[in-house]
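Sequence lines set the chain letters: A, B, ... in the order given, protein chains first and strands last, and positions in each chain run from 1.
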There are 2 protein chains.
Amino acid sequence: MSDTATAIDTLLFPRWILPIAPAGLLEQHALAIAGGRIVGLLPAADARRLAARQVIELPDHLLMPGLVNAHSHAPMTLLRGFADDLPLQEWLNEQIWPAEAAWVGEEFVRDGTRLALAEMLLSGTTCFADMYFFPDVIAQTALDAGMRARLHFPIFDFPSAWGSGAEDYIHKGVTLYDHYKPSGLISVGFGPHAPYTISDGPLEKVAMLAAELDAPIQIHLHETQQEVDDSLRQFGERPLARLARLGLVGPRTQCVHATALDDDDIACLTRANAHVIHCPESNLKLASGFCPVQKLLDAGVNVGLGTDGAASNNDLDLFGELRTAALLAKAVAGNAAALPAEAALRMATLDSARALGLDGEIGSLETGKWADVIALDLSALPQQPLYHPASQLVYGNVSACVTHAWVAGRLLLENRQLLTLNPLAIGERARDWQRRIAGGKTAVQAAS
Amino acid sequence: MSDTATAIDTLLFPRWILPIAPAGLLEQHALAIAGGRIVGLLPAADARRLAARQVIELPDHLLMPGLVNAHSHAPMTLLRGFADDLPLQEWLNEQIWPAEAAWVGEEFVRDGTRLALAEMLLSGTTCFADMYFFPDVIAQTALDAGMRARLHFPIFDFPSAWGSGAEDYIHKGVTLYDHYKPSGLISVGFGPHAPYTISDGPLEKVAMLAAELDAPIQIHLHETQQEVDDSLRQFGERPLARLARLGLVGPRTQCVHATALDDDDIACLTRANAHVIHCPESNLKLASGFCPVQKLLDAGVNVGLGTDGAASNNDLDLFGELRTAALLAKAVAGNAAALPAEAALRMATLDSARALGLDGEIGSLETGKWADVIALDLSALPQQPLYHPASQLVYGNVSACVTHAWVAGRLLLENRQLLTLNPLAIGERARDWQRRIAGGKTAVQAAS
């Protein structure tokens, strides 16, 4: 990089840089940002000779790509801890869906998304892929806060506050897709909810339209063995086989959960170059099953990482999620060398970005990519001694060490202060929703 | 409680109190402490009329018993992240034991214990049960910091820096036992390391002496299927059956790990009234296996919770551990209602205390018990909304919310400031050990 070629906006001098790609840890290096993009990752001594509008010293910090949460339902933060310790179908049918039917609207979605954005930035996530009602509101709320977001607009057979049925959802979603096509921060894809909530007709239409638009598809798939058994009974085939027959399984497809996979399923995913989004904490909490992560990786399937919604987690802490993923993968594989620290970190950044089709733009600190970057202060006692920083990021509890977050070069979090969101107002709104929703729950229970 | 009977030292007015026993959450209540013990848990309105030397208002806080970490190797914090992503036997034989042989001594143990104490207090643990070389140094270091500790002095067949073999370890340990008998904070028990590191003779001697002294026994047991298979080959019986035959399995016995259990093993534990100490994160990280927690609870076996050492975890955050325990138990049992939040919290407090034989003294906020108490500030955004505080303690990431910790009524942590430990000095020592140990590792690798 020449010191005359580009006017540098920001030069960051951290203790360590973990670029993810290329692999390995750098010391004595600096990161240069201009026009929202990374324009250099260079020896600190060389960087000291460059002019920049702003120089930030991070002497105790590690710099890495912002985490990419590949599956969330952001507004569901307002239902965090609303109904715990219940099985998936009871949790969905008797608690979550009735609560959503009663409360979800634009205001709920806006307030819940703001709470989610705050929590995600404070724990190192700079991009999230969401699937929820009113994706237009989520997109605008993320944009207002300067956060990068992918909206997979939801599609079901049945009506909701956001639309009347599959046709309507698809129409609204494609309109949203067209609206955001030019934007840098927001992108849109198809979010058919799950094989058990959409019939063949709308699924075929999604496959056709997504192919036409070259647009991503995200779907909950093989979340439980029950789902697979029901599909065999109803359709005579496994959910993945049914989706493949309908043309929905390809290199733009992200299969969320994927806990009940046999060898044929894995071969199908490999052939199709489809992606899996692993949500280990939700899978554990709802007793959904175990995703065979190392087996998928060995078969060449790309695996990204998501928190799922806060109602089944109960947080959006992707560092915690990658720790659970790394620990669990070893026990599931019966091999303590499965999903080592570096691979887990790549899963939560570059591999998640790849699943979303965004790996050319984000997910690593490579020149030319957007400057979606986080800094962690690793000087506190629970991080000492620090033999291998990458390992501590995974096996320690570091989300509260995140001090700074930039998205497209814009500073959104500085020394744990949110710069584009109002935490007091967000907290007040969350408590207000709690009073309304908990009050409603009591009334419903009393009436029944 | 009469307002004239006792001179109250401290009155705490929190937002919530979770006493663990009795079950349930209290609001508008206060906790009274005198002479290091809990002397009242009473309506706040009544408490406002009492005189006390000190009144502490905790308007955003939840008060609960301090966590009891039932299995740790405190000094191993100095080997945190030293060797990750390796299977148990390779990790032990090729990394941990050589490093310990090179470095462990009184100074290592003191510095590592101080680091562990700081980390434990900052994450809500007020009592820990340890097993490591130089337990006398660990005991004195804990006592100096005002922390409650149980030392299970280690016993192996082979020599170490602390002793020449089983006879010597037992002699030193019993001396320690006698020394601390009168103390309130420190208690001592037998720590035969594992069935595969001690022969029958010393095991029988431990059984006999522990029975004579009515002293507790803690042992690593059924950590892996490999251990069970090796024992079947070498002794013709499973490790638990061998220990039972040698008289080591009884109501004072804590079996740590217990991942490879068949129905006969569980029946044996039930009959003997023995305890299991569950260390889920270590079991996952070393791919040791899954402890059948709900099955043990259903069989009437008491299960406590431990972090294991920081070298296989890599932190001593017992809130994180209980979250992993609660999540994992559901997936292992195939039942999302397994180990619900309240049961997980009891596991990390009263049930751990019971495993240690300390449930008459600590583990719940009952009148007459020691005032081992922690406060958590639950007002931050990641805890909102807060429908069920007990649930959020388990399924959220709350260890950094711990603001205060008292042990026997003495304040050791105040607004996250350690009052009896010097964090700067502890950090400096940890970094110094890192330089020495990492330097030594490089030298060994270069020479081999």
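Proximity to chain B (any heavy atom under 4.5 Å) is restricted, for A/Gln383, to the backbone atoms N, CA, C and O. Heavy atoms closer than 4.5 Å to chain B are found in both the backbone and the side chain of A/Leu386. Residue B/Ser288 does not touch chain A at all, counting heavy-atom pairs closer than 4.5 Å. Looking at A/Asp317, only its side chain comes within 4.5 Å of chain B, counting heavy atoms on both sides. There is no contact between A/Ser123 and chain B, counting heavy-atom distances below 4.5 Å. Contacts of B/Gln392 with chain A are made by side-chain atoms alone, with heavy-atom separations under 4.5 Å and no backbone atom involved. For B/Arg323, the part lying near chain A is the side chain, with the backbone staying farther off; criterion is any non-hydrogen pair under 4.5 Å.
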(request) Could you go through the side chain to side chain contact (heavy atoms under 4.5 Å, CB included) check for B/Ile426 and A/Leu381 one step at a time? (result) CA-CA 8 Å; B/Ile426 292 170; A/Leu381 284 187; 4.0 Å; yes

(message) Determine whether B/Leu284 and A/Lys330 satisfy the following criterion, side chain to side chain contact (heavy atoms under 4.5 Å, CB included), listing intermediate values before the conclusion.
(response) CA-CA 6 Å; B/Leu284 293 173; A/Lys330 298 173 195 353; 6.0 Å; no

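When the candidates B/Gly320, B/Pro382, B/Ala337, B/Pro280 are compared by the number of heavy-atom contacts under 4.5 Å with chain A, B/Pro382 comes out ahead. Listed options B/Asn313, B/Thr324, B/Asp432 were ranked by heavy-atom pairs under 4.5 angstrom with chain A; first place goes to B/Asn313. When each of B/Arg435, B/Gln434, B/Glu119 is scored by its heavy-atom pairs under 4.5 Å with chain A, the top score falls to B/Gln434. Chosen from B/Leu286, B/Leu86, B/Leu79, B/Leu328, the residue pairing most often with chain A at heavy-atom distances under 4.5 Å is B/Leu86. Heavy-atom pairs under 4.5 Å with chain A peak, among B/Ala331, B/Pro385, B/Gly334, at B/Pro385.
Remark: the B/Tyr387 side chain and the A/Asn314 side chain contain no N/O donor-acceptor pair separated by less than 3.5 Å. Donor-acceptor pairing under 3.5 Å is lacking for the side chains of B/Asn397 and A/Asp315.
A donor-acceptor pair under 3.5 Å is formed between the side chain of A/Arg80 and the backbone N or O of B/Gln384.
Interatomic distance, A/Arg431 CZ to B/Ser379 OG, rounded to the nearest 0.5 Å: 7.5 Å.
Smallest separation of non-hydrogen atoms from A/Ala336 and B/Ala287: N-CB, 3.4 Å.
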